[in-house]
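Just so it is clear, the structure is predicted and the values come from calculations on it, not from any experiment. Below, chain A is the first sequence line, B the second, and so on; all start at residue 1.
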Amino acid sequence: MLELFASQIVNGLAIGQVYALIALGFSLVFGVSNLINFAQGALFMLGAFIAFTGVTTLHLPLVAAAALSVAVMSLLGMLLERLALRPLENAPYIAPVLSTLAISLIVDQLAEIIWSPEGQAFPVPFEEVTYFFGSAYITSTDLLIFGFGAAAAIALTLFLSRSWLGRTLRATAQDRDAAAQLGVRTSNVKRLAFGLAGALGALSGILVALYFKSVFPQMGLPYGLKGFAAALLGGLASTPGAVLGGLLLGIVETLASAYIGEGYRDLVAYTLVLVFLVFRPQGLLGDRRLDALGGLGGAGGAMPSTSVLSSSSSQRKATRVLELPPWGFLAVGLALALLPVATQNAYVLQAVAYAIIFALLVASVTLVSGSLGILSIGHMAFYGVGAYAVGILARNHGWPAEAALLGAAAITAIIAMVAALPLLKLSGHTAALGTLAVGQIGYLVFMTWLDVTRGPMGFIGIPAPRLGLLGGYTLASLTQKFCLIAVVVAVGLALAQRLLNSGIGRVWRGIREDRLAAHAAGLPVRRYILLGFALSGLLAGTAGGLFAYVQSVVSPESFTVSASILLLTLAVLGGLGNLTGAALAGFALTLLPELLRPFAEWRMIAYGVALLLMLRLRPNGLLGAR
Amino acid sequence: MSAFSPICPAIAEYGASFKNAVELYLDKVNADGGINGRPIKLIVEDDRNSPQEAATVARKIVATPGVVLTIGSWSTTASLAAAPIFAEAKIPQISPTSSHPDFTRQSPFQFRQNNTDDVLAQYNADTIHKKLKANRIVIPYSQDDWGVYTVKATTAAIEKDGGKVLLTEAVIPGAKDFRPLISKIKAANPDGVFIALPYQEASIFIQQLRQAGVNIPAGGGIPLTSPKFIELAGKAAEGVVVHSIFFPGDPSKKAFVDAYQAKYHKLPDQFAALAYDAAGVGVAAISRVVQSGKPLTGQAVRDELANGPAYAGVTGVSKFENGNVKKDPTFLVVRDGTFQLLQQ
């Protein structure tokens, strides 16, 4: 028993050092630019694939292919900084994060197009040896990863703490303007950091490819997320912390897999992240010095602010905001409800129905991310809760549609509020990471709670909505369901807009602009944040419930973190905090890909490019951030 | 006629052979003048192996005028999501590969081309227990409709035959690190492992298993008959025994294998063969409807499928009984990087 436990610890260390290596790239960029680089996962995947191409197509020896990959990725890292981040230096704080998100969307999809979506065998030139210690074992690849990982960590630590260049890197992170005044070429410094991050990404990608003896275009996101989680556990900006966090994550999830079940490993891993966020948000080895200066942006800006919309050069610019009045949503909803008069084509109605539901969903995202200023990268979890809740209430308990939808909305509101509790103390990028953990936990719960959700098999047989108030009238056809959706969404959006126009909305925006000032002004900040999450959950839950009714089948892959990222993208495109913009972006950009179905694989790339352009040209979104 | 199957993510390899085979068959029919001089038109849609996309695509297909038969989807989960839509539109649906017994229970419009999991479970048990002579068996299985049902039915079949299942463990789709599971397997000390995983997960699992020095015999079901399994698993795949209802090395299938290889430059796998037969049995039913002079509707094609004569295809004989078929297995072993007939 003890022997098995010991061998599981060894297994945990083996995978943990892989996570540690990925986490190093994150903490480097975070330490230098206070930026959570979502593209690190993409760099990691790309590094592995360039080495793969070097070995298979160019017939290079592995060492040469690896060197090539590291060189190319360093250049690409610098290019990333030049194209996606430098132009946004004076843009709102949120812009660089979203920019790296956009890059990762583009790169991941391009890799699927170039190398096919399939996994490929990574040729390992040397014979692998396994060393046994009782029932535990390590392989020569483990030792290789350990060697490179330790060398990289030590070199990086020495470079940052001892060398002149390393010190300029850290100085730039603390205060860009002050460093510049002292003669540091800050733009070169940042480029250097991203080049290093690219090289680290390539290195970790190649080692992971050796570990699994294969490469997958989809490996960027899951391993990127694990790398994040590891960096967060260790303390975001700390190099030894990244290593420690990676090892801890590896051991915890291996033990979860060994003693709870293989299916629970990720659930336990992300729960650990959330627990850390609540009780030790600075991580194992991190410190909170930056927070004392007014949050992550505080050190660099003209005035400390928690706002995601203000930039380092100024508070936010005044922009024109286009929005509908509350009754406008009702009018548009009514007009859409009449669509079945024009066409009975089930395919068209179904596509428009999804688009309407997404309008409500993106509106719920903008409520939290825009008005409240807490970037949410996990909203699909709330959407999913609503969908499963309607499924359970309507199918298992036979509730009529009104009661099931209200019940689902209420359940989601409560869950969203509980999920917000650990986020209360966090701000800026750390809060975004918290919502990411929430989103991932939601997805994994849908995946593993088989008794309730049936996991990947999908929750099937959700009955058609039955209206209790109309004497049990059942909306069996898609046309009837369509009208229900249009009406419910219109009413939901009208009420939400009314709320944003009211004093409550003003308080939310006040909290977003300056949480400290709002607090000092006597506003119960925590209560307002919880209220915001609850109402956002209410909308998202309703959207999820409607989705379950149209679909009649609900399965977890509708609620992934990548879908949540997409939602946030849509909210930004529409203009953060602008309900009309969110609804419009959600509606139009859900419908558009249906029209372009033959080009489905280019869909994500188009979103990514649109987001990049928008951040450059109209950082406040199509209809203006409010 | 329409086909829908995953053409995108990790399942793409399956989806491609599926689409290729249907196109190959229809090209042949149309080159011979179609049915009574009328060509058969094929509409292909990608469902990304997601139940949600499958439902959307199904709506799109039934809204297309003139569709009288549909072939798809690849997984039971996606096929099930689409089934009520085809049943409502009265268009028969032949899933070449869906093996869950529930699929053909949906309505009289659902048919399949491969054995149900109940039949396959017995073949699984035969593979590991009779052919590989293992008595103390562990089964990692994928946590989806197919895996959950397979592990239950296979365990029952093994235990009925006197074997023992020591450990079964659910694996989430996309899992890649199996070392904790392998340490558990080592501790249980089995003498055989039956792998109920998709080929991608299975190829990583078997490599990590062999790496850990566990050299017990391994058997697998239909997913492992994909050539991609051997390609990804490399040397670790050697000696794995699988059962299949199609083997391209079989001389009696030469015409199909040669035609497929000439067009797509690779060997057809079992999925291609099943899809080829699905197209074959479907076209046969359509042409019987046309010959009989009845109006060509989905309902008429369904009746011909259900009541028609047996159809001899490349995967065996199809004679539908409540939408199901029963075909005999061939046992294969991986040797020198290819599948070969298992000599007993």
Identify which part of Leu450(A) has an atom lying under 4.5 Å from any heavy atom of chain B, answering side chain, backbone, both or neither.
side chain

Under 4.5 Å from any heavy atom of chain B, what part of Ser116(A) do you find: side chain, backbone, both or neither?
neither

What residues form a side-chain contact (heavy atoms from CB on, under 4.5 Å) with Ala21(B), not counting sequence neighbours?
Tyr260(B), Ala272(B), Ala275(B), Tyr276(B)

Which bit of Ala175(B) is near chain A, if near means a heavy-atom gap under 4.5 Å: side chain, backbone, both or neither?
side chain

Between Phe547(A) and chain B, which part of the residue has a heavy atom less than 4.5 Å away: side chain, backbone, both or neither?
side chain

Side chain, backbone, both or neither: which part of Phe122(A) has a heavy atom under 4.5 Å from chain B?
neither

Chain A heavy atoms under 4.5 Å from Lys186(B): which part of the residue, side chain, backbone, both or neither?
side chain

Counting only non-hydrogen atoms closer than 4.5 Å, does Leu349(A) touch chain B with its backbone (N, CA, C, O), its side chain (CB onward), both, or neither?
neither

Distance-only, no hydrogens or angles: does the Thr254(A) side chain make a donor-acceptor pair with backbone N or O of Pro180(B) under 3.5 Å?
no

Side chain, backbone, both or neither of Ser558(A) within contact of chain B (heavy atoms, under 4.5 Å)
both

Report which part of Tyr223(A) has an atom under 4.5 Å of a heavy atom belonging to chain B: side chain, backbone, both, or neither.
side chain

Inspect the contact between Lys226(A) and Asp177(B) and indicate whether a charged nitrogen and a carboxylate oxygen are less than 4.0 angstrom apart.
no

Side-chain heavy-atom pair Leu232(B), Phe212(A) within 4.5 angstrom cut-off:
no

Would you say the side-chain atoms of Gln143(B) pair up with the backbone N or O of Met447(A), donor to acceptor, closer than 3.5 Å?
yes

Bottom line for Glu88(B): the part with an atom under 4.5 Å from chain A's heavy atoms is neither

Contact origin within Ile182(B) toward chain A - heavy atom pairs under 4.5 Å
side chain

State which residues pass side-chain hydrogen bond (donor to acceptor under 3.5 Å, both in side chains) with Ser257(A); sequence neighbours excluded, sorted by chain then number.
Glu262(A)

Face-on cation placement of Lys176(B) at Phe216(A) ring, 6.0 Å and 45° thresholds:
yes

